[in-house]
Novice: 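The structure's right below; bear with me while I get my questions together.
Along the sequence shown, the residues carry numbers beginning at 1. Computation of the quantities below employed the complete heavy-atom set of this structure, encompassing side-chain atoms and omitting hydrogens, waters and symmetry-equivalent molecules.
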Amino acid sequence: MRYQMKLFSEPFDTIVQGRKTIEVRCYDEKRKQLKPGDEIQFLKLPDQKESITVKVTELYLCNTFQELYQKFNPVEFGCEGQTLKQMLKEIREIYTEEQEKQGVLGIRIQPL
């Protein structure tokens, strides 16, 4: 199956550069459909004219962003040199605590 998701410029660029190998999302209805082997086409915001397609290789379901972030090196999230506190502050700009209550998903990706 192939899915489309939107990404802000910085995380999009880190995937293109091969520096980000885990994408983070809330475990909503769309993400519950994902399986290893699926493909995701990421569209770069704001204009969505650039895209990159990746393969889902593994999925990591956690209760909180903190739990997920603590399982892996920040480099894998495209957050080289950032502290856990900085990473959590940035994700709060995208997802609320209420959204986080659905669970969070780490999506290990490999560019095609």
Side-chain angles (χ1 to χ4, degrees):
M1 184 69 103
R2 181 181 243 191
Y3 298 90
Q4 278 191 342
M5 297 182 198
K6 297 172 188 162
L7 269 179
F8 290 111
S9 181
E10 188 176 337
F12 180 92
D13 291 342
T14 58
I15 290 172
V16 169
Q17 296 161 2
R19 296 185 303 134
K20 179 177 179 154
T21 57
I22 300 176
E23 171 60 13
V24 177
R25 299 287 169 132
C26 281
Y27 195 53
D28 58 16
E29 290 307 311
K30 184 175 183 180
R31 267 39 79 165
K32 288 178 182 176
Q33 307 302 312
L34 282 174
K35 294 178 181 60
D38 286 345
E39 294 179 0
I40 301 170
Q41 180 186 30
F42 287 112
L43 302 171
K44 184 177 182 179
L45 294 170
D47 60 16
Q48 301 179 47
K49 291 182 180 174
E50 289 182 63
S51 69
I52 185 170
T53 302
V54 300
K55 180 179 179 178
V56 175
T57 60
E58 293 182 69
L59 299 169
Y60 312 103
L61 182 59
C62 295
N63 293 316
T64 65
F65 291 113
Q66 181 168 336
E67 179 186 338
L68 178 62
Y69 285 151
Q70 288 177 321
K71 286 181 181 254
F72 302 97
N73 187 310
V75 172
E76 295 181 88
F77 298 104
C79 299
E80 185 173 1
Q82 290 188 10
T83 65
L84 176 61
K85 185 176 180 179
Q86 290 169 315
M87 292 167 65
L88 291 170
K89 182 181 178 203
E90 283 185 10
I91 202 71
R92 272 295 161 244
E93 293 172 7
I94 300 168
Y95 294 113
T96 65
E97 288 182 32
E98 191 63 32
Q99 290 172 305
E100 182 181 29
K101 289 178 183 176
Q102 306 173 80
V104 301
L105 187 65
I107 307 166
R108 186 168 300 276
I109 55 174
Q110 178 181 20
L112 295 177

Novice: Report all side-chain donor-acceptor pairs from residues 61-70 shorter than 3.5 Å, counting only partners two or more places apart or in another chain.
Specialist:
unit_1: T64; atom_1: OG1; unit_2: E67; atom_2: N; d: 3.0
unit_1: E67; atom_1: OE1; unit_2: N63; atom_2: N; d: 3.1

Novice: Hydrophobic cluster mates of L43, side-chain heavy atoms under 4.5 angstrom, ILVMFWY only, any path?
Specialist: none

Novice: Can you name the side-chain hydrogen bond (donor to acceptor under 3.5 Å, both in side chains) partners of T53, sequence neighbours left out?
Specialist: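 Checked T53 against side-chain hydrogen bond (donor to acceptor under 3.5 Å, both in side chains); matches are R2.
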
Novice: Hey, does I22 have a side-chain heavy atom less than 4.5 Å from the side chain of I109?
Specialist: no

Novice: Hydrophobic clustering (ILVMFWY, side-chain heavy atoms < 4.5 Å, transitive) - are V16 and L45 grouped together?
Specialist: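 No, because L45 and V16 fall into different hydrophobic clusters, even though each may have its own neighbours under 4.5 Å.
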
Novice: Return the set of residues passing salt bridge (Lys or Arg N to Asp or Glu O under 4.0 Å) with R19 (not counting sequence neighbours), or none when no residue passes.
Specialist: none

Novice: Name all residues meeting the side-chain hydrogen bond (donor to acceptor under 3.5 Å, both in side chains) criterion together with E97; count only those two or more places apart in sequence or in a different chain, and write none if there are none.
Specialist: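 Once residues adjacent in sequence are excluded, E97 has no partner under the side-chain hydrogen bond (donor to acceptor under 3.5 Å, both in side chains) criterion.
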
Novice: Under a single-linkage definition using a 4.5 Å side-chain heavy-atom cutoff for Ile, Leu, Val, Met, Phe, Trp and Tyr, are L112 and I107 assigned to the same hydrophobic cluster?
Specialist: no

Novice: Are any of the side-chain heavy atoms of R92 and K89 separated by less than 4.5 Å?
Specialist: no

Novice: For the residue pair P36 and T57, what are the closest heavy atoms and their distance?
Specialist: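 Scanning both residues completely, I find the closest heavy atoms to be CB-O, 3.7 Å.
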
Novice: Keeping the roles fixed (side chain from Q102, backbone from Q99), state whether a donor-acceptor pair exists under 3.5 Å.
Specialist: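 At least one qualifying donor-acceptor pair exists.
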
Novice: Does a sphere of radius 6.0 Å around NZ in K30 hold more than 12 heavy atoms from other residues, nucleotides or ligands, not counting ones at 6.0 Å or beyond?
Specialist: yes

Novice: Would you mind listing every ring pair (Phe, Tyr, Trp, His ring centres under 6.0 Å) that reaches into residues 41-61, with sequence neighbours excluded?
Specialist: Y60-F72

Novice: Under 4.5 Å side-chain heavy-atom separation, chaining through any Ile, Leu, Val, Met, Phe, Trp or Tyr, what else clusters with V75? Say none if it is isolated.
Specialist: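 Its cluster mates, by chain and number: none.
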
Novice: Counting only pairs under 3.5 Å, give me each side-chain donor-acceptor contact of residues 3-13, with atom names and distances, residues two or more places apart or in other chains.
Specialist:
unit_1: Y3; atom_1: OH; unit_2: Q33; atom_2: O; d: 3.3
unit_1: Q4; atom_1: NE2; unit_2: Q41; atom_2: OE1; d: 2.7
unit_1: D13; atom_1: OD1; unit_2: K44; atom_2: NZ; d: 3.0

Novice: Is any side-chain heavy atom of C26 closer than 4.5 Å to a side-chain heavy atom of L105?
Specialist: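 No, every pair of side-chain atoms sits at 4.5 Å or beyond.
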
Novice: Does the pair I40 and L34 meet the rule for a side-chain contact (heavy atoms from CB on, under 4.5 Å), with working shown?
Specialist: CA-CA 9 Å; I40 301 170; L34 282 174; 4.3 Å; yes

Novice: For K32, which residues count as a side-chain contact (heavy atoms from CB on, under 4.5 Å) partner, sequence neighbours excluded?
Specialist: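 By the side-chain contact (heavy atoms from CB on, under 4.5 Å) rule, K32 matches Y27, E29.
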
Novice: Is there side-chain contact between Q86 and C79, with at least one heavy-atom pair below 4.5 Å?
Specialist: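 With C-beta onward as the side chain, the pair stays apart.
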
Novice: Would you please name every residue forming a side-chain hydrogen bond (donor to acceptor under 3.5 Å, both in side chains) with D28, sequence neighbours left out?
Specialist: R31

Novice: Under 4.5 Å between any side-chain heavy atoms of Y95 and R25, yes or no?
Specialist: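 Yes. Closest side-chain heavy atoms under 4.5 Å.
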
Novice: Which residues pass the salt bridge (Lys or Arg N to Asp or Glu O under 4.0 Å) test with K55, sequence neighbours left out?
Specialist: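 For K55 there are no salt bridge (Lys or Arg N to Asp or Glu O under 4.0 Å) partners, ignoring immediate neighbours.
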
Novice: In the structure I gave you, are the side-chain heavy atoms of V54 and E39 within less than 4.5 Å of one another anywhere?
Specialist: no

Novice: For the atom pair CD (Q110) and CD1 (I15), what is the distance rounded to the nearest 0.5 Å?
Specialist: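 It is 12.5 Å, given to the nearest 0.5 Å.
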
Novice: Please name all residues satisfying side-chain hydrogen bond (donor to acceptor under 3.5 Å, both in side chains) with E76, sequence neighbours left out, ordered by chain then number.
Specialist: R108

